[in-house]
Q: 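One structure is given below, represented as structure tokens, and several questions about it will come after.
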Amino acid sequence: MINRRDLRLWTSSAVLAVVTALTGAEIAILFIAAGLLMIVLDAPPRWLRRRSTELPSVPLVFAAKGLAMTASLGTLSALAWFFVKAGALTFGSGLAIVPFLRDGAVHQHHWLSDGQFLDAVAMGLITPGPVVITATFIGYLAAGWPGALVATVAIFTPIFLGVVVPGRWFLRHRDNRQIQAFVAGATAAAAGAIAGAVVVLTRQIVTGWPAALIAVVTLAVLLRWKVKEPILVGLGAAAGLALHWPW
């Protein structure tokens, strides 16, 4: 749907998929690089020949990536900073940041185990709202109700500041070729990251024939029909209970 027949976008998706699958983490700079590359290829800015004011600025939220978090911050502060960065990296779908969430919540901060993180992703798919509501569940496991509140506010703040507040500006410049090129490149990278996230999660959870069967049947259903994710997750949970009976 995103890449259509554009080989350049497919290449960006493939690179992000492989990198995400191999590292198990999200490399944010590659999202930005993919967007900038498409600008250079499809809509070269005039400043390459002479300085121009027409080049759109890359969203400032990415500047936060270069800031360092001091070791003296408490859990709530760490949660806030972590999910602000996660919200700034949400392109196309909340699933694109699953590797980033897993790397930070499980391996860097040790707030969750691998099993708890998989539960958090499932909760994000089952409950109403976007997938990034997974952040609420992670925050709750890390620091109770205060953590859930902080994580939820933090992950939606960059989205609000980067999309809702400048919304009128985006509408005025939606036909700008450079903006369209950047969005196309970054979204293709996000699609690749989602594919890599599938590999990362599958390696953890598909460890026997029951899980493999559920995964294959779910994939077949999705390819054939448009079924809502909460329904599939609920049916998968029921199948898991049935296949492991008696408990």
Q: Do L222 and L213 belong together in a cluster built from hydrophobic side chains that touch within less than 4.5 Å?
A: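 Per the 4.5 Å side-chain linkage, L222 and L213 are co-clustered.
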
Q: How far does CG of L118 sit from CD of Q204, to the nearest 0.5 angstrom?
A: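 Nearest 0.5 Å value for the CG-CD distance: 5.0 Å.
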
Q: Check the pair R4, L9 against side chain to side chain contact (heavy atoms under 4.5 Å, CB included), reporting the backbone distance first and the verdict last.
A: CA-CA 8 Å; R4 295 184 176 87; L9 296 180; over 6 Å; no

Q: Nearest 0.5 angstrom please: L36 CG to Q178 CD, how far?
A: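 Rounded to the nearest 0.5 Å, the CG-CD separation comes out at 11.0 Å.
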
Q: Within this structure, what is the CG-CG distance for the pair L219 and L232, rounded to the nearest 0.5 Å?
A: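 Between L219 CG and L232 CG, I get 10.5 Å after rounding to 0.5 Å.
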
Q: Measure the acute angle between the ring planes of F82 and F100, then classify it against the limits of 30° and 60° as parallel, tilted or perpendicular.
A: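 Parallel: the ring planes of F82 and F100 meet at under 30°.
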
Q: Heavy atoms only: give me the nearest V98-F117 pair and the separation to one decimal.
A: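 Of all heavy-atom pairs spanning V98 and F117, the closest is O-CZ, 3.5 Å.
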
Q: Do R8 and D42 have side-chain heavy atoms sitting under 4.5 Å apart?
A: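 A side-chain contact exists here, since the closest heavy-atom pair is under 4.5 Å.
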
Q: Do the side chains of V200 and L101 join up, straight or via other hydrophobic residues, at under 4.5 Å, putting them in one cluster?
A: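 No; L101 is not reachable from V200 via cluster members.
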
Q: Can you list, pair by pair, the side-chain donor-acceptor contacts under 3.5 Å of residues 132-153, counting residues two or more places apart and other chains?
A:
| from | atom 1 | to | atom 2 | distance (Å) |
| --- | --- | --- | --- | --- |
| T134 | OG1 | A120 | O | 3.3 |
| T134 | OG1 | V131 | O | 2.8 |
| T136 | OG1 | I133 | O | 3.4 |
| T136 | OG1 | T152 | OG1 | 2.5 |
| T152 | OG1 | A148 | O | 2.7 |

Q: Minimum heavy-atom separation for G24 to D103, with atom names?
A: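 Smallest interatomic distance, heavy atoms only, reads O-CB, 4.2 Å.
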
Q: Check I159 against I155 and note the closest heavy-atom contact, atom names and distance.
A: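 In terms of heavy atoms, the two residues are closest at CD1-O, 3.5 Å.
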
Q: If we only count heavy atoms from C-beta on, is the V106 to Q116 side-chain gap below 4.5 Å?
A: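 Sidechains of Q116 and V106: no contact.
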
Q: Can you see which heavy atom on P99 is nearest to which on A193, and at what distance?
A: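 Closest approach of P99 to A193, heavy atoms only: CG-O, 4.3 Å.
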
Q: Locate the shortest heavy-atom distance separating A122 from V233; write the atom from each residue and the value.
A: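 In terms of heavy atoms, the two residues are closest at O-CG1, 4.4 Å.
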
Q: Is there a path of hydrophobic side-chain contacts, each under 4.5 Å between heavy atoms, that joins V216 and V221?
A: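 No, no single cluster joins them.
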
Q: Start with the C-alpha gap between T157 and L161, add the side-chain angles, then the distance that decides, and say whether side chain to side chain contact (heavy atoms under 4.5 Å, CB included) holds.
A: CA-CA 6 Å; T157 296; L161 295 178; 3.8 Å; yes

Q: Do L235 and L201 land in one hydrophobic cluster if side-chain heavy atoms of ILVMFWY residues count as linked below 4.5 Å?
A: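 No, L235 and L201 fall in different hydrophobic clusters.
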
Q: Has N3 got a side-chain atom pairing as donor or acceptor with D6's backbone, closer than 3.5 angstrom?
A: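 No: the side chain of N3 does not pair with the backbone of D6.
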
Q: Compare every heavy atom of T218 with every heavy atom of I214, then report the nearest pair and how far apart it is.
A: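 That closest heavy-atom pairing would be O-OG1, 2.7 Å.
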
Q: Would you check if the distance from the ring center of F182 to the ring center of F31 is below 6.0 Å?
A: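 No, the ring centres sit 6.0 Å or more apart.
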
Q: Walk me through whether H107 and D114 qualify under side chain to side chain contact (heavy atoms under 4.5 Å, CB included).
A: CA-CA 9 Å; H107 298 292; D114 279 318; 4.3 Å; yes

Q: Kindly determine whether Q180 and M38 satisfy side chain to side chain contact (heavy atoms under 4.5 Å, CB included), including the steps that lead there.
A: CA-CA 9 Å; Q180 292 176 343; M38 289 304 296; over 6 Å; no

Q: According to the salt bridge (Lys or Arg N to Asp or Glu O under 4.0 Å) rule, which pairs have a member within residues 184-206, sequence neighbours left out?
A: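 Qualifying pairs, neighbours excluded: none.
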
Q: Would a distance-only check, ignoring hydrogens and angles, find a side-chain to backbone donor-acceptor pair under 3.5 Å from H109 to A105?
A: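 It does not hold such a pair.
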
Q: Please answer: with hydrophobic residues joined when any side-chain heavy atoms are less than 4.5 Å apart, are W209 and V217 in the same cluster?
A: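 Both belong to a single hydrophobic cluster.
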
Q: Hey, what do you get for CG (L30) to CG (L37), rounding to the nearest 0.5 Å?
A: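 Rounded to the nearest 0.5 Å, the CG-CG separation comes out at 11.5 Å.
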
Q: Which residues pass the salt bridge (Lys or Arg N to Asp or Glu O under 4.0 Å) test with D119, sequence neighbours left out?
A: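 Here no residue qualifies.
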
Q: So does A188 get a backbone contact from the side chain of S13, meaning a donor-acceptor N/O pair under 3.5 Å?
A: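 Side chain of S13 to backbone of A188, a donor-acceptor pair under 3.5 Å: yes, one is there.
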
Q: Hey, is the main chain of G104 close enough, under 3.5 Å, to the side chain of W111 for a donor-acceptor pair?
A: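 Not at all, since once roles are kept as given, no pair shorter than 3.5 Å links the two residues.
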
